[in-house]
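Shown next, in structure tokens, is the structure this report addresses.
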Amino acid sequence: MIDTSNSPHVKLKSIGIGECQWTEGFWAEKFRQCEQVMVPYMGGLLKGDIGHGYNNFKIAAGLQEGKHQGFAWHDGDFFKWMEACVYVHAVSQDHSIVSELDEIIRVIAAAQEDDGYLHTNIQIDGIAHFSNRKYHEMYNCGHLYTTACVHHRVTGKTNFLEIAIKNADLLYKLFQPQPKELCRFGFNQSQIMGLTELYRTTRDKRYLELAEIFINNRGTSAVVEAPSTEGYPIGDMVQERVPLREETEAVGHAVLAMYYYAGAADVYAETGEQALIDALDRLWNNVANQKMYVTGAVGQAHFGASTRRDKIEEGFLDAYLMPNATAYNETCANIANAMFNFRLLGIKGESKYADIMELVAYNSALVGISADGKHYFYANPLRYNNGQREYQDNRDCTESANREPYIECFCCPPNLVRTIAKLSGWAYSLTNNGVAVNLYGGNRLSTKLADGSTIELRQESGYPWDGEIRITVDACKSDPFEIWMRIPDWAANATLRVNGSDADVATPPGQFAILERAWKAGDTVELSLPMDATLMKGHPLIDETRNQTAIKVGPLVYCLESPDLPEGVRTLDVYIPSDIRFEKQNNPDVLSGVTTLTGNVQIKSDDRTNMYRPLTSPEWKSMPVRFVPYYAWSNRGTAEMTVWLPIVWK
Ligand SMILES: [Zn+2]
């Protein structure tokens, strides 16, 4: 939840935290679960001995004996959980959350060194400060700043913000002079987002200056091994082969890349530098049109190489190279894709960015957590075949057949939980003279328009299970203003009515339909979106989807999972007839309540012997099978799953 209310180069400004709250339906249920299960359960992990995140701060503060546990970026992940707590408090007004955070902040303050330095791994293990970028000092700083700003906005308190400022002042002192030995520093650069947010919160220009320095330095040094780079691949892996303003391709670690681009978008929002937004436009295009999965996921491979032959991990491969079973798609990368798009939505005011935010939210983000809210996926492939890959289902493993109750590399779970906790803040934006509706679902909005006038809206909808959306104006100014309604890119023939009559505006898919009039309390806007199951195809250059189809209903991607197949039939045996008709069923008892699709598929068994064999004429069997939303897979024991299925043309 960035505060762009004073950002000069933002067209659609963010609303305040807590100003929109889910009231009913899909996201209201997820938020409730987030409040009641996800955040407390994760707090139990992180404050206890399994997660050990809080222990690390206590040990660094000298309040407890022990060793640092967890990865070097564990502090940052602990801050993300704190951020989720703040969002929950913004809605629930539960003051015990603030009291608990106060106690934690006291411990963090005690762990912080006199010069502002804070990084429990390095402090406890006695490692030299800023000696190797693999320790993720910048990542931890970035999440510290973001969380401290959000905490200040919601609670008005300065106790956490002061820690962030003290730390950022240290960074400024060290990095602003741009000493040569530090100019390649920063591995996962969430500090660029964090510093810009700290500038927005304090209006201290040094933080924006420093955020720009981190962008300017990247890609200007020789790509050679050095003591500060040891431990991870160099070059494209960390986006240091080419300066950002000259880059044409999204490369390297996908989380690093997307956080970097999101940070650069934050800087552009304040500076308006043309070269920066031109580069971000190119990179957005490259990701959205050449490297993104149908689920909105990014980062095709666990290990691989960039097109410029740098070794990469957890990152991007070539354009259109979209493996399904081995897709990595780290939950954090998918969320970072949504974060980048949320920033571009603000900057450009174009709904195509909100389309991707929504796609990620319902699919490649939400798949990262189980129906019970207590198990996590880190990698999110689009297909899982039994026996194809050897997964070790243990805490160290980021690729697993089932969601895990704890993952040693704990970046994704708190990232997802904070995203679910704050998603209502992405549902609306403020236009120059009105409000844009970005996300649909039952909610209530109470905010102020750009001119300071009060607006209150009520949205009622069963979206995405049905496509009827009704917005009622509960309070507004008497002068005319606009309500922008997002017409999703998949929504052909959407209809809009105002007070029951045809709104008489165009509803082009992939754009906002703008309703401008003198509104009054009681006015209604009704949007009707087509929610039929649609068979999707991939670009012909995607080898891995040729002659296959994926099923979408509105923003939801569906999948076929083995618990929905008869004994002995594998997902690999299932073919979709091109004339398949689906029956939709609302199933409150299935997978915490989902709409399933049932259709007649064709089954062809395979003896699965030699790698290559002469083609023989198949014996087809036809049978009805059920499809479930992709995000809900793997909640019924170890299962096979596929998003893409081969087509039989009828
Ligand atoms: Zn992650």
Side-chain angles (χ1 to χ4, degrees), residues 38 42 45-46 51-53 70-84 121 134-136 138-144 146-147 186-191 193-194 232 237-239 250 252-263 287 292-293 295-303 312-316 327-340 360-361 363-370 373-381 391 394-400 402-422 631:
M38 295 176 192
M42 186 174 288
L45 290 175
L46 288 172
H52 211 265
F71 286 102
W73 49 93
H74 208 42
D75 293 356
D77 299 332
F78 188 76
F79 296 142
K80 280 187 256 177
W81 170 76
M82 292 175 72
E83 191 186 338
N121 188 182
K134 76 178 176 185
Y135 292 114
H136 288 63
M138 300 303 173
Y139 172 85
N140 288 354
C141 292
H143 287 293
L144 168 64
T146 299
T147 304
F187 183 79
N188 191 345
Q189 305 209 79
S190 50
Q191 86 277 10
M193 286 183 282
Y232 277 108
M237 166 74 170
V238 292
Q239 299 83 35
H253 193 292
V255 181
L256 273 57
M258 302 314 285
Y259 279 178
Y260 184 25
Y261 307 157
V287 173
M292 189 173 82
Y293 283 89
T295 56
V298 294
Q300 300 109 302
H302 195 165
F303 301 103
I312 62 110
E313 294 178 5
E314 306 188 313
F316 288 108
Y328 197 65
N329 295 341
E330 178 179 346
T331 307
C332 281
N334 311 336
I335 292 168
N337 187 26
M339 290 163 67
F340 180 41
V360 170
N363 301 290
S364 50
L366 205 49
V367 69
I369 197 157
S370 57
K374 296 179 179 176
H375 294 75
Y376 316 107
F377 268 142
Y378 185 110
N380 300 289
Y391 289 132
N394 61 46
R395 290 169 30 162
D396 295 309
C397 196
T398 59
E399 290 179 282
S400 55
N402 299 288
R403 293 183 188 84
E404 302 286 337
Y406 185 72
I407 307 168
E408 196 79 31
C409 179
F410 204 63
C411 51
C412 299
N415 206 3
L416 179 51
V417 168
R418 73 171 178 157
T419 303
I420 294 167
K422 77 177 174 192
Y631 78 79

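Position 1 is the first residue of the sequence, and the numbers go up from there. Order of listing sets the numbers, starting from 1, for every ligand and every atom in it.
- For the side chain to side chain contact (heavy atoms under 4.5 Å, CB included) test with Thr295, the passing option among Asn334, Val360, Asn363 is Asn363; the others fail.
- With ring centers used as reference points, His74 lies 6.0 Å or more from Phe78.
- Around the Zn ion (ligand 1), the protein N, O or S atoms closer than 2.8 Å are Glu330 OE2, Cys332 SG, Cys411 SG, Cys412 SG, listed by chain and residue number.
- Here the side chains of Thr398 and Glu330 are not in contact, with every heavy-atom distance at 4.5 Å or above.
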Verdict with supporting geometry, Tyr376 and Glu404, side chain to side chain contact (heavy atoms under 4.5 Å, CB included)
CA-CA 5 Å; Tyr376 316 107; Glu404 302 286 337; 5.7 Å; no
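- Contact of the Leu366 side chain with the Ile420 side chain is registered, since non-hydrogen atoms from C-beta on lie closer than 4.5 Å.
- Residues satisfying the salt bridge (charged side-chain N to carboxylate O under 4.0 Å, His left out) test with Glu314, not counting sequence neighbours, are none.
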